[in-house]
Amino acid sequence: MTSTSSASTTPTTVTAAASGRWTLGDLSVNRIGFGTMRLPQTGGALVPDAIPRDREAALAVLRRAVDLGVNHIDTAAFYFSPLRSANELINSALAPYADDLVITTKVGPARDLTGRWAAHARTPEALRGQVEENLRQLGRDHLDVVNLRVVGTDSIAERFGALAELRQAGLIRHLGLSNVTPAHLAEAQAIAPVVCVQNRYGLGMRSKDDAFVQDCGAQGIAFVPYYAIAAAGGEAGATGAEPAEVLAVAQAHGVGPAEIRLAWTLHQGPHVLAIPGTVDPGHLAANVAAGALSLSEDELKLLDGLHRSATTG
């Protein structure tokens with residue numbers, strides 16, 4: 001998206017700086033970031049035998065994201081397809097890394113060489129192995145932020161404690177959590193500081209978690225929703241028809257529904273970040289520009305009503 005001032009006909013490109021800033025520990029990031037789950041393949045992500053993405057297109061969109069002011073990139077070693085790895089693409093496109101670029105990764109889940117899911121890393125040794133693999137693939141001597149990705153409701157103390165030890169050793173700068181409950185967060189914070197929570201959340205999705213989102217903000221913790229655009233589509237991407245409420249607000253602003261979903265997400269609090277992913281340069285620019293959208297009170301009321309009435313997630 002571009003804007004044109006009344007005094008000039010020269011379009012002005014909107015950058016990620018327009019979304020505002022938040023800090024992950026001592027690392028300042030623009031609130032619109034970039035997620036790399038879709039970079040390694042075409043079609044659905046995290047599936048065996050995926051069709052590898054064109055390498056040059058993937059590299060180009062990463063570089064363009066940084067050109068547009070994105071300085072928060074989300075990745076994982078298990079984001080890969082035959083021939084392509086998100087971490088390797090990041091390394092090839094962006095190294096040597098800019099001083100203000102923050103790369104967030106996650107550990108816990110594992111996939112075998114065929115791309116099928118394997119057992120989660122649960123021991124200190126397995127988690128350290130995943131941290132070291134991320135370091136190797138990214139070409140770093142430390143990881144900026146590592147999220148422990150959790151499945152289930154059992155205790156995370158041993159796993160988070162293992163990552164806290166790696167933080168003390170200097171391999172990790174800051175720790176976060178993914179797919180967790182408030183109880184998990186409290187358990188982790190008794191062990192080491194948590195700078196972010198990355199959970200599935202968005203307009204019309206998991207309204208039951210609204211209080212958790214706000215509680216994170218009250219504690220100074222970033223809340224980083226995933227699938228904020230895809231919603232129920234998840235790994236497969238956005239599916240189905242958009243609700244009339246979203247379409248109406250999008251038409252009023254002259255943008256697409258994806259931008260309204262991102263704008264609504266960011267309106268949930270200054271601590272809420274966004275990490276939309278794409279390999280389309282036009283979609284990338286639109287996603288970044290969504291950080292500058294200001295929704296009116298009436299528009300927020302309309303969308304909030306949709307959100308509360310939905311049961312997705």
Side-chain angles (χ1 to χ4, degrees), residues 33-55 57-59 61-62 73-94 103-140 143-154 156 158-160 162-163 166 171-172 175-180 184 196-200 224-227 229-230 232-237 239 275-279 313:
F34 184 79
T36 63
M37 184 181 71
R38 303 197 178 283
L39 275 186
Q41 72 289 307
T42 63
L46 309 179
V47 295
D49 305 318
I51 299 174
R53 176 79 59 187
D54 178 81
R55 178 178 173 78
L59 296 176
V61 78
L62 280 165
I73 293 180
D74 180 79
T75 186
F78 56 87
Y79 289 175
F80 67 84
S81 68
L83 304 181
R84 301 285 180 265
S85 156
N87 281 350
E88 185 277 325
L89 291 167
I90 292 169
N91 189 346
S92 296
L94 303 178
I103 300 176
T104 298
T105 190
K106 59 190 72 65
V107 296
R111 299 168 70 200
D112 64 25
L113 294 179
T114 71
R116 290 173 173 80
W117 291 107
H120 269 231
R122 289 183 171 271
T123 66
E125 294 77 17
L127 289 165
R128 183 182 182 107
Q130 289 192 348
V131 166
E132 290 178 345
E133 182 64 9
N134 276 282
L135 289 168
R136 183 189 68 79
Q137 292 178 1
L138 290 167
R140 304 288 298 272
L143 299 174
D144 296 324
V145 181
V146 172
N147 288 320
L148 175 63
R149 170 79 174 182
V150 177
V151 173
T153 58
D154 55 328
I156 63 171
E158 181 181 7
R159 285 169 284 168
F160 196 76
L163 295 180
L166 297 179
L171 297 184
I172 300 171
L175 296 173
L177 297 168
S178 178
N179 197 42
V180 294
H184 284 138
C196 57
V197 168
Q198 188 181 100
N199 276 14
R200 186 170 186 160
V224 190
Y226 58 88
Y227 301 151
I229 293 177
E235 292 90 343
T239 58
I275 48 171
T278 182
V279 291

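Residue numbers run from 1 in the order of the sequence given. All heavy atoms count here, side chains included; hydrogens, waters and symmetry mates do not.
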Criterion side-chain contact (heavy atoms from CB on, under 4.5 Å) on Leu143 and Leu171, from CA distance to verdict: CA-CA 6 Å; Leu143 299 174; Leu171 297 184; over 6 Å; no
N/O donor-acceptor pair under 3.5 Å between Ser81 side chain and Ile51 backbone: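 Judged by distance alone, no pair lies under 3.5 Å.
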Any donor-acceptor N/O pair, Asn91 side chain to Gln137 backbone, under 3.5 Å: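 Between the backbone of Gln137 and the side chain of Asn91 there is a qualifying donor-acceptor contact (under 3.5 Å).
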Work out which heavy atom in [X] is nearest to a heavy atom in [Y]; give both atom names and the distance.
X	Y	value
Ala126	Ala121	CB-CB, 3.7 Å
Gly176	Val145	N-CG1, 4.4 Å
Pro82	Pro52	O-CG, 2.7 Å
Leu138	Ile103	CD1-CG2, 4.1 Å

Nearest 0.5 Å, what's the [atom1]-[atom2] distance between [X] and [Y]?
X	Y	atom1	atom2	result
Ile275	Ile229	CD1	CD1	11.0 Å
Gln41	Asp49	CD	CG	12.0 Å
Asn87	Thr36	CG	OG1	7.0 Å
Thr153	His184	OG1	NE2	6.0 Å
Leu166	Leu127	CG	CG	8.0 Å
Arg55	Leu83	CZ	CG	10.0 Å

Within-4.5 Å side-chain heavy-atom neighbours: Leu175 and Leu148: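 Heavy-atom side-chain distance check fails, nothing below 4.5 Å.
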Close side-chain approach of Leu39 to Phe34, heavy-atom, < 4.5 Å: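 A side-chain contact exists here, since the closest heavy-atom pair is under 4.5 Å.
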Table please: side-chain donor-acceptor pairs of residues 104-112 below 3.5 Å, with sequence neighbours left out.
| from | atom 1 | to | atom 2 | distance (Å) |
| --- | --- | --- | --- | --- |
| Thr104 | OG1 | His72 | NE2 | 3.2 |
| Thr105 | OG1 | Thr75 | O | 3.4 |
| Thr105 | OG1 | Asn134 | OD1 | 2.8 |
| Lys106 | NZ | Asp74 | OD2 | 3.0 |
| Lys106 | NZ | Thr75 | O | 3.1 |
| Lys106 | NZ | Tyr79 | OH | 3.0 |
| Arg111 | NE | Gly115 | O | 3.0 |
| Arg111 | NH1 | Phe78 | O | 2.8 |
| Arg111 | NH1 | Phe80 | O | 3.0 |
| Arg111 | NH2 | Val47 | O | 3.4 |
| Arg111 | NH2 | Gly115 | O | 3.1 |
| Asp112 | OD1 | Thr114 | N | 2.9 |
| Asp112 | OD1 | Thr114 | OG1 | 2.5 |
| Asp112 | OD1 | Gly115 | N | 3.2 |
| Asp112 | OD1 | Arg116 | N | 3.1 |

For [X], check salt bridge (Lys or Arg N to Asp or Glu O under 4.0 Å) against everything at least two apart and list the hits.
X	result
Asp154	Arg122, Arg159
Arg149	none
Glu158	none

side-chain contact (heavy atoms from CB on, under 4.5 Å) between Arg53 and Leu89, intermediate numbers included: CA-CA 11 Å; Arg53 176 79 59 187; Leu89 291 167; over 6 Å; no
Within residues 75-87 or reaching into it, pairs that qualify as salt bridge (charged side-chain N to carboxylate O under 4.0 Å, His left out) - sequence neighbours excluded: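 As it turns out, there is no salt bridge (charged side-chain N to carboxylate O under 4.0 Å, His left out) pair with a partner in residues 75-87 once direct neighbours are skipped.
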Under the side chain to side chain donor-acceptor pair (under 3.5 Å) test, residues paired with Gln130 that sit two or more places apart: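 Result, side chain to side chain donor-acceptor pair (under 3.5 Å) vs Gln130: none returned.
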Derivation and outcome, side-chain contact (heavy atoms from CB on, under 4.5 Å), residues Val180 and Asn199: CA-CA 7 Å; Val180 294; Asn199 276 14; 3.9 Å; yes
salt_bridge(Arg136, Glu132) N-O dist < 4.0 Å: no
